[in-house]
Amino acid sequence: MPKIEAEHLDFFYSGRQVLKDISIAIPERKITALIGPSGCGKSTFLRCLNRMNDTIRGARAAGIIRLDGDDIYADTQDVVRLRQRVGMVFQRPNPFPQSVYSNVAFGPRVMRQNHRGSLDALVEQSLREAGLWDEVKDDLDQDSLTLSLGQQQRLCIARTIAVRPEVILMDEPCSALDPIDTLRIEDLMRALAADYTIVIVTHNMQQAARVSDETGFFMVDEQQIGRLVEHGPTDRIFTSPKDPRTEGYITGRYG
């Protein structure tokens with residue numbers, strides 16, 4: 001069974017359709033990259049996976065998205081619990097204007113995991129998993145906004161994994177970073193995939209080819225509605241795509 005499965009998903013903003021008939025299976029503990037031109041619905045689809053779009057007035061989904069076989073849009077779904085299971089890392093680093101420690105401890109504290117000893121251990125473990133512990137361990141009380149952008153993004157990843165999600169969504173997590181920090185995040189993603197299912201939106205074709213196991217290519221149709229053109233193993237998508245539109249985008253002929 002795939003970790004996440006979308007079936008015939010349509011999505012609308014205030015009655016305007018932006019995604020149509022999206023069906024994709026996302027495997028567990030793998031990295032799935034979503035690629036395609038700007039405006040084709042990749043980020044909208046990503047936000048459907050933990051119902052972040054619910055916060056947008058007039059947004060509406062139709063179809064099915066399953067997490068471990070359960071429909072996340074069912075009336076009985078606990079959305080707070082869903083977003084704990086499916087965490088999100090955004091395009092620009094967005095640490096809270098608090099200490100490094102408080103950033104990582106925020107989620108566990110909200111979930112009432114407040115025992116100091118266990119919280120200290122969880123903060124350290126999360127920072128280690130995010131590849132940041134050695135750089136901040138001597139001053140966990142420092143203001144997170146004094147960190148470099150790359151460190152801030154790894155802090156945001158540590159904050160996400162501190163609540164022990166099963167899935168991590170990443171919306172262009174390297175777009176604001178320099179090449180060295182980008183490679184650090186890519187190495188981190190590969191390490192995290194041993195324990196987490198990762199879905200990443202990226203405009204960087206080289207990044208998608210380097211880090212992902214599966215790739216889905218999105219594009220708008222004649223009505224300017226986002227469609228999933230094809231998806232499959234990354235090696236196949238990049239070397240022998242089935243759809244000529246995929247090949248045209250990957251080779252830079254358009255998009």
N/O donor to acceptor pairs below 3.5 angstrom from side-chain atoms of residues 213-227, sequence neighbours left out:
{"residue": "D213", "atom": "OD2", "partner": "I31", "partner atom": "N", "Å": "2.8"}
{"residue": "T215", "atom": "OG1", "partner": "S212", "partner atom": "OG", "Å": "3.3"}
{"residue": "T215", "atom": "OG1", "partner": "T234", "partner atom": "OG1", "Å": "2.8"}
{"residue": "D221", "atom": "OD1", "partner": "Q223", "partner atom": "N", "Å": "2.9"}
{"residue": "D221", "atom": "OD1", "partner": "Q224", "partner atom": "N", "Å": "3.2"}
{"residue": "D221", "atom": "OD1", "partner": "I225", "partner atom": "N", "Å": "3.0"}
{"residue": "R227", "atom": "NE", "partner": "K20", "partner atom": "O", "Å": "3.3"}

**Message:** Set out, in order, the CA-CA distance, both residues' side-chain angles and the distance that settles salt bridge (Lys or Arg N to Asp or Glu O under 4.0 Å) for E186 and R190, then state yes or no.
**Reply:** CA-CA 6 Å; E186 290 178 6; R190 293 305 311 172; over 6 Å; no
**Message:** Is there a salt bridge (Lys or Arg N to Asp or Glu O under 4.0 Å) between D54 and R51? Walk through the geometry before answering.
**Reply:** CA-CA 5 Å; D54 287 12; R51 294 183 55 173; 2.7 Å; yes
**Message:** Atom CZ of residue position R92 - does it have more than 12 heavy atoms of other residues, nucleotides or ligands inside 6.0 Å?
**Reply:** no
**Prompt:** Which residue pairs satisfy the salt bridge (Lys or Arg N to Asp or Glu O under 4.0 Å) criterion with at least one member in residues 195-209, sequence neighbours excluded?
**Reply:** none
**Prompt:** Sub-3.5 Å donor-acceptor pair from the side chain of R154 to the main-chain atoms of G131, do we have one?
**Reply:** yes
**Message:** If we ignore hydrogens and angles and just use 3.5 Å, is the side chain of Y73 paired with the main-chain N or O of C48 as donor and acceptor?
**Reply:** yes
**Request:** Output yes when a side-chain donor or acceptor of K30 lies under 3.5 Å from a complementary backbone atom of I198, and no otherwise.
**Result:** no
**Prompt:** If you measure from the Lys or Arg side-chain nitrogens to the Asp or Glu carboxylate oxygens, is any gap between E230 and R236 under 4.0 Å?
**Reply:** yes
**Message:** Would the distance check show the side chain of S43 and the main-chain N or O of V201 forming a donor-acceptor pair, the cut-off being under 3.5 Å?
**Reply:** no
**Asked** Are the side chain of T32 and the backbone of I26 linked by a donor-acceptor contact shorter than 3.5 Å?
**Response** no
**Request:** Look only at the side chain of E5 and the backbone of R66, and say whether a donor-acceptor pair between them is shorter than 3.5 Å.
**Result:** no
**Request:** Please list, chain by chain and in numerical order, all residues satisfying side-chain contact (heavy atoms from CB on, under 4.5 Å) with R81, sequence neighbours excluded.
**Result:** D78, Q84, R85, E166
